[in-house]
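First comes the structure, then the notes that go with it.
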Protein chains: 2
Amino acid sequence: MSTIYDVAKLAGVSPKTVSRVVNGDAPVGKKTREKVEAAIRELKYVPSSAARMMRSNRSGLIGVVTGAISRTAELSDPKGLPDLFILQGIQQVVAERDLTLMIADTAGQIDKVPALLRTFQEHRVEGLIYVADYHKRVAFETATPACPLVLANCYDAHGTPAIVPDDKACEKRLVERLTAHGHRRIAYLTFDPAMDAVPLRIEGYREALEAAGIAYDPALVSTGYPINTEFLHQWLDEALDRILALPEPPTVICCGNDEMAMQLYGLLRTRGIRVPEDISIAGFDNYRAIAETLYPPLSTVELPYAEMGRQAAELLLSLISEEASRPHDPVRVAGRVFWRSSVTDLELESQTSKGG
Amino acid sequence: MSTIYDVAKLAGVSPKTVSRVVNGDAPVGKKTREKVEAAIRELKYVPSSAARMMRSNRSGLIGVVTGAISRTAELSDPKGLPDLFILQGIQQVVAERDLTLMIADTAGQIDKVPALLRTFQEHRVEGLIYVADYHKRVAFETATPACPLVLANCYDAHGTPAIVPDDKACEKRLVERLTAHGHRRIAYLTFDPAMDAVPLRIEGYREALEAAGIAYDPALVSTGYPINTEFLHQWLDEALDRILALPEPPTVICCGNDEMAMQLYGLLRTRGIRVPEDISIAGFDNYRAIAETLYPPLSTVELPYAEMGRQAAELLLSLISEEASRPHDPVRVAGRVFWRSSVTDLELESQTSKGG
DNA sequence: CTCCCAAAAGACATCGATGTCATAATTAAA
DNA sequence: TTTAATTATGACATCGATGTCTTTTGGGAG
């Protein structure tokens with residue numbers, strides 16, 4: 001690999017002049033510049049970032065710690081890949097700013113994190129992002145790292161700057177759309193409330209009901225859908241029995257995610273209940289492989305993971321340049337509703353029946 | 001960030017001694033070592049890889065160019081993510097050897113590659129891997145890079161070391177299993193032969209037939225399945241008509257991939273044809289979200305992407321250390337057959353009918 | 001108590017790029 | 001043509017770690 005000295009010698013100038021040509025930070029005579037540029041081409045000179053960094057103390061590196069890459073291997077079901085989308089958003093911003101991403105994969109083992117962080121420190125990354133695979137709380141043993149840190153899709157107890165999905169607002173937006181279309185008996189079947197997202201979404205569900213002047217009916221809400229087990233089908237079956245047997249059964253069922261909605265479609269079909277004529281269904285996640293493929297296509301709401309990645313990167317960069325101060329609370333990012341034909345418009349229906 | 005000089009001063013020794021403690025490359029007296037280690041902890045000293053690299057000329061970095069991360073965003077169908085699996089294999093090997101991965105995403109634009117390669121060169125990566133999203137031929141304008149390069153899931157015309165999936169062997173293994181189970185009329189519906197993988201797999205199909213003493217019948221083979229378009233269903237429908245109308249119809253249909261097999265299941269169901277009682281089905285890819293979920297579960301064969309990633313990384317490392325010489329031909333990696341119940345055992349069946 | 005030898009520690013130069021300051025070349029003004 | 005004001009270039013030191021060589025220290029033998 002040739003150095004700035006080799007170029008200088010070949011061009012018959014001083015190394016400093018070559019540096020000036022490369023960085024364009026000071027005027028260089030036209031003839032000199034051309035000689036230098038020719039020498040650079042000739043020797044295929046590429047400056048060493050290591051040497052540059054020694055003086056400038058700027059590495060141009062952003063470190064990301066994630067399990068996204070190794071985790072894909074375990075995937076046997078058509079789920080979304082939140083962390084990958086987040087990674088993609090980060091990648092976009094970082095590329096725009098001419099920074100370089102160093103990605104360290106935890107290979108699923110949290111205990112590998114300290115070693116990865118050390119490697120990042122050795123390379124003097126200017127900032128760090130930790131990306132979690134689902135919305136959760138995390139706690140790192142490690143003392144405060146030497147550079148700004150942003151958490152994405154998670155948060156901690158120490159107020160580390162964090163970007164999290166706005167589960168509450170998303171579910172609220174979705175349910176608002178349901179009430180706007182005349183639904184007033186809205187069931188909600190979802191996961192174990194131990195997952196951070198679940199109580200938040202229920203809160204959003206309640207707020208939307210309240211905004212529409214609808215009383216919250218606990219009989220319409222079931223939590224505890226067992227993810228990834230054989231009992232999933234049975235649980236759903238029983239929950240369905242329960243809510244359909246209510247004196248005032250729901251006109252629409254909201255599901256914890258799109259996959260659950262897909263299961264529900266199958267269950268309803270075997271019971272001869274039509275979607276959306278007999279009952280409407282809404283999902284969560286806008287996992288397009290499901291939402292667009294189901295018949296009828298599923299109304300759902302998305303968590304804007306790529307956007308979260310972008311915001312995490314933007315926040316990190318502003319922390320690095322000290323443009324912004326640390327936000328005390330996690331930044332919540334909401335996504336939009338995707339309205340498809342799995343939900344009936346009851347307003348329209350009642351008008352039609354009045355008219356007809 | 002504290003330096004080796006800060007540590008030396010605090011410990012009251014020379015920087016060189018600190019270096020010896022850190023690297024353990026020369027004996028240091030016990031008391032001195034303890035003083036130094038205390039100072040390192042006190043100052044949270046982490047050596048600078050940039051400075052280290054200046055002298056040693058070893059960066060400990062491996063660069064990967066891929067579109068895997070940005071491409072996930074476009075995914076709307078439940079397909080596999082070959083490049084991500086490859087990335088994961090690479091990651092494994094690289095982590096084992098205490099090297100650091102730098103991942104550059106092309107964001108889908110090939111023209112970004114030169115800039116990414118330059119960044120890698122600036123960081124003096126010791127080796128490069130280019131990961132393609134499907135088996136294809138590639139051509140880079142760029143002159144030979146300054147460090148060893150390995151292609152994964154692709155190859156070029158210049159004999160650059162490459163790791164590719166062994167499409168031929170995979171299909172051959174699958175069809176061998178079919179013939180072993182008594183199938184002799186084996187249809188094959190697949191994609192456009194312009195895709196590199198298609199003719200290779202057909203070749204494997206033919207070799208397996210030949211090995212079983214079965215004549216190749218072109219009427220049983222249809223290529224040109226239109227991927228990702230609205231005509232996909234129609235194409236499959238017509239192809240099915242054609243092969244089922246043959247004087248001697250097939251007992252099993254091999255599909256270009258598992259997704260296509262899934263479509264075929266649906267089509268057969270609407271025609272009242274049972275799988276595997278009336279006809280057997282085999283897939284390709286072992287995309288578990290499909291193969292394990294379909295009823296009956298799908299017999300298929302996998303392309304060992306993670307293994308390819310590992311082999312690519314191993315090959316690269318041996319090229320770097322000059323242990324191995326460049327292979328002149330792409331290294332082909334075959335995967336195993338996953339035998340599930342979508343294929344009937346005709347041998348068993350004929351025995352049973354004889355017995356009964 | 002000396003002397004010698006091995007072990008331990010240090011001095012110094014070096015890797016490549018660049019900031020600082022000094023000097024040479026060029027142009028404009030007198 | 002000379003001088004002042006630019007503009008263009010170069011000399012040198014520096015960033016942090018470490019390879020090479022030198023010096024110091026300590027311990028055992030004589």
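Please read these numbers as outputs of a predicted model, since none were measured by experiment.
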Practice problem: List in chain and number order the residues that pass side chain to side chain contact (heavy atoms under 4.5 Å, CB included) with A:Tyr5, two or more places apart in sequence or in another chain; answer none if no residue qualifies. | Solution: A:Thr3, A:Pro15
Quiz item: Once you round to the nearest 0.5 Å, how far does CZ of B:Arg52 lie from CG of B:Asn57?
Solution: 14.0 Å
Practice problem: Taking only heavy atoms on the protein side, list every residue of residues 17-25 of chain A lying under 4.0 Å from any atom of DNA chain C, sorted numerically. | Solution: A:Ser19, A:Asn23, A:Asp25
Quiz item: Taking C-beta and beyond as the side chain, do B:Ile163 and B:Val333 meet within less than 4.5 Å on heavy atoms?
Solution: yes
Quiz item: Near DNA chain D, which residues from residues 26-36 of chain A have a heavy atom under 4.0 Å away?
Solution: A:Pro27, A:Val28, A:Gly29, A:Thr32
Could you list the donor-acceptor pairs under 3.5 angstrom formed between side-chain atoms of residues 24-41 of chain B and any protein atom two or more places apart in sequence or on another chain?
residue	atom	partner	partner atom	Å
B:Arg33	NH1	B:Val28	O	3.2

Quiz item: Judged by atom type as modelled, is there a donor-acceptor pair below 3.5 Å linking the side chain of A:Thr160 to the main-chain atoms of A:Asp156?
Solution: no
Quiz item: Using a distance-only test with no angle check, is there a side-chain donor-acceptor pair under 3.5 angstrom linking A:Tyr134 and A:Asp83?
Solution: no
Practice problem: Take the C1' atoms of the five end pairs on each side of the helix from C:dC1-D:dG30 to C:dA30-D:dT1, get both axes, and report the angle to 10 degrees. | Solution: 50°
Quiz item: Among B:Val150, B:Leu149, B:Leu99, whose side-chain contact (heavy atoms from CB on, under 4.5 Å) with B:Leu316 holds?
Solution: B:Val150
Self-check item: Boundaries of the DNA chain C segment in contact with chain A, non-hydrogen, under 4.0 Å
Solution: C:dG16 to C:dT20
Exercise. Without swapping roles, check the side chain of A:Asp167 against the backbone of A:Ala197 for a donor-acceptor pair under 3.5 Å.
Key: no
Exercise. On DNA chain C, check which nucleotide each of B:Arg124 and B:Tyr5 is closest to and give me the residue with the more 5' one.
Key: B:Tyr5
Practice problem: For the residue pair A:Val21 and A:Val7, establish whether any side-chain heavy-atom pair is separated by less than 4.5 Å. | Solution: no
Quiz item: With the threshold set at 4.0 Å, does a side-chain nitrogen-carboxylate oxygen contact exist between B:Arg97 and B:Glu314?
Solution: yes
Quiz prompt | Test item: B:Ser321 side-chain N/O and B:Leu317 main-chain N/O as donor-acceptor pair under 3.5 Å | solution = yes
Quiz item: B:Pro82 pairs by side-chain contact (heavy atoms from CB on, under 4.5 Å) with which of B:Asn153, B:Asp133, B:Leu303?
Solution: B:Asn153
Quiz item: Mapping B:Ser14 and B:Asn57 to their closest nucleotides on DNA chain C, which lands nearer the 5' end?
Solution: B:Ser14
Self-check item: For B:Pro47 against A:Arg118, the heavy-atom pair lying closest together
Solution: CD-NH2, 3.5 Å
